[in-house]
Amino acid sequence: MDMMLIALTEAEKAGQKDEVPVGAVLVSQAGEILSASHNRTIGLSDPAAHAEILALREGAGKIQNYRLLNTTLYVTVEPCIMCMSAIIHARVSRVIFGVEDPKWGAAGSLYDFANDPRLNHHPEIIRGVCGDACRSLIQNFFRARRKSVARNQIVL
């Protein structure tokens with residue numbers, strides 16, 4: 001739960017930058033934080049700069065290995081297709097997330113990559129950790145964005 005609170009703090013940082021508020025924390029088997037990140041797709045002009053991808057990159061750099069064996073990734077929102085693919089390639093052992101993503105989720109909602117028998121790695125998936133806080137953060141962000149767009153629309 002403590003690691004998910006760190007992920008939530010990262011997500012809040014993203015929201016403050018007008019990025020979709022998703023945060024991720026990568027933790028070693030010994031409980032050491034290898035990396036913590038948040039969405040930066042807009043700031044970096046990089047469609048792959050999701051919180052999970054950035055956390056995996058930083059963690060791999062820290063241990064100098066692209067295989068992140070025996071690690072756990074905490075993320076506020078269910079990883080998308082791209083992120084779950086990277087998680088599987090990196091051999092992350094466990095993914096713990098807060099809220100499901102029915103539009104993009106690839107850890108059980110829309111797709112279930114972790115349980116696809118055709119793939120050679122199957123991370124354990126734990127869902128719903130700090131779910132209410134994660135849900136509130138993302139819902140409030142999109143509510144505010146919709147209001148802002150509605151205020152800025154010009155009626156002809």
Side-chain angles (χ1 to χ4, degrees), residues 1-66 68 70-110 113-114 123-152:
M1 178 125 147
D2 291 343
M3 296 302 171
M4 189 58 85
L5 295 178
I6 296 169
L8 275 161
T9 299
E10 287 292 324
E12 289 170 357
K13 290 178 190 176
Q16 291 165 2
K17 298 173 184 173
D18 245 5
E19 301 269 5
V20 174
V22 177
V25 179
L26 183 66
V27 180
S28 73
Q29 186 174 21
E32 175 191 3
I33 295 175
L34 299 174
S35 60
S37 195
H38 55 275
N39 275 1
R40 295 178 58 205
T41 57
I42 297 166
L44 295 176
S45 299
D46 179 356
H50 289 200
E52 301 95 321
I53 298 294
L54 297 173
L56 295 175
R57 286 177 179 162
E58 184 180 334
K62 186 170 188 174
I63 66 169
Q64 291 295 292
N65 193 335
Y66 72 104
L68 297 167
N70 303 311
T71 59
T72 299
L73 183 68
Y74 292 82
V75 61
T76 56
V77 177
E78 179 181 4
C80 71
I81 297 161
M82 173 184 67
C83 293
M84 275 306 294
S85 296
I87 288 163
I88 290 167
H89 279 289
R91 308 298 194 270
V92 171
S93 298
R94 183 179 307 117
V95 177
I96 299 174
F97 68 86
V99 65
E100 294 178 346
D101 185 348
K103 292 183 179 181
W104 288 98
S109 291
L110 183 60
F113 284 13
E124 177 186 3
I125 304 295
I126 299 170
R127 63 192 70 217
V129 176
C130 296
D132 290 340
C134 294
R135 184 175 296 102
S136 291
L137 183 62
I138 197 112
Q139 285 178 340
N140 291 340
F141 174 81
F142 283 112
R143 274 190 200 113
R145 182 175 271 183
R146 283 190 295 274
K147 283 181 185 177
S148 176
V149 167
R151 274 193 306 262
N152 293 326

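Because the structure is a prediction, the values reported are computed rather than measured. The analysis underlying the following values was restricted to heavy atoms, covering all of them including side chains, and did not include hydrogens, waters or symmetry mates. Start at 1 with the first residue, then count along the sequence.
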K.L.:
Do Leu34 and Glu58 come close enough that some side-chain heavy atom pair is under 4.5 Å?
P.N.:
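No, side chains not in contact.
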K.L.:
Using atom types as modelled and distance alone, determine if a side-chain donor or acceptor of Thr76 lies under 3.5 Å from a backbone N or O of Ala7.
P.N.:
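Checked: no pair found.
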K.L.:
Which heavy atom of Val75 sits nearest to which heavy atom of Met4, and what is that distance?
P.N.:
O-CE, 3.4 Å
K.L.:
Main chain of Gly61, side chain of Gln64: is a donor-acceptor contact present, judged purely on distance under 3.5 Å?
P.N.:
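At least one qualifying donor-acceptor pair exists.
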K.L.:
On a heavy-atom basis, which atom in Val95 and which in Pro79 lie closest, and how many Å separate them?
P.N.:
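The answer is CG1-CG, 4.0 Å.
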K.L.:
Return the minimal non-hydrogen interatomic distance between Met3 and Gly31, and the atom names on each side.
P.N.:
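Answer, listing the atom of Met3 first, then Gly31: CE-O, 3.8 Å.
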K.L.:
With rounding to the nearest 0.5 Å, note down the distance linking OG1 in Thr41 to CG in Leu54.
P.N.:
9.5 Å
K.L.:
With sequence neighbours left out, what residues match Glu78 under salt bridge (charged side-chain N to carboxylate O under 4.0 Å, His left out)?
P.N.:
none
K.L.:
Which side-chain hydrogen bond (donor to acceptor under 3.5 Å, both in side chains) pairs, counting each pair once, include a residue from residues 81-101, with sequence neighbours left out?
P.N.:
Thr72-Arg94, Arg94-Glu124, Glu100-Arg127
K.L.:
How many angstroms lie between OH in Tyr74 and SG in Cys130, if you round to the nearest 0.5 Å?
P.N.:
10.5 Å
K.L.:
CD1 of Ile63 to OG1 of Thr71: how many Å apart, nearest 0.5 Å?
P.N.:
7.5 Å
K.L.:
Taking CZ in Phe142 as the centre, count heavy atoms belonging to other residues, nucleotides or ligands within less than 6.0 Å. Is the count above 12?
P.N.:
yes
K.L.:
I'd like to know if the side chain of Asn39 reaches the main chain of Pro21, judged simply by a donor and an acceptor atom lying under 3.5 Å from each other, with no hydrogens or angles considered.
P.N.:
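No.
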K.L.:
Any pair with a residue in residues 15-37 that passes salt bridge (charged side-chain N to carboxylate O under 4.0 Å, His left out), sequence neighbours left out, goes on the list, sorted by first then second residue, please.
P.N.:
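Qualifying pairs, neighbours excluded: Glu32-Lys62.
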K.L.:
Which atom pair, heavy atoms only, marks the closest approach of Val99 to Gly131?
P.N.:
CB-O, 4.4 Å
K.L.:
Determine the minimum heavy-atom distance between Pro123 and Ala114, stating which atoms define it.
P.N.:
O-CB, 3.5 Å
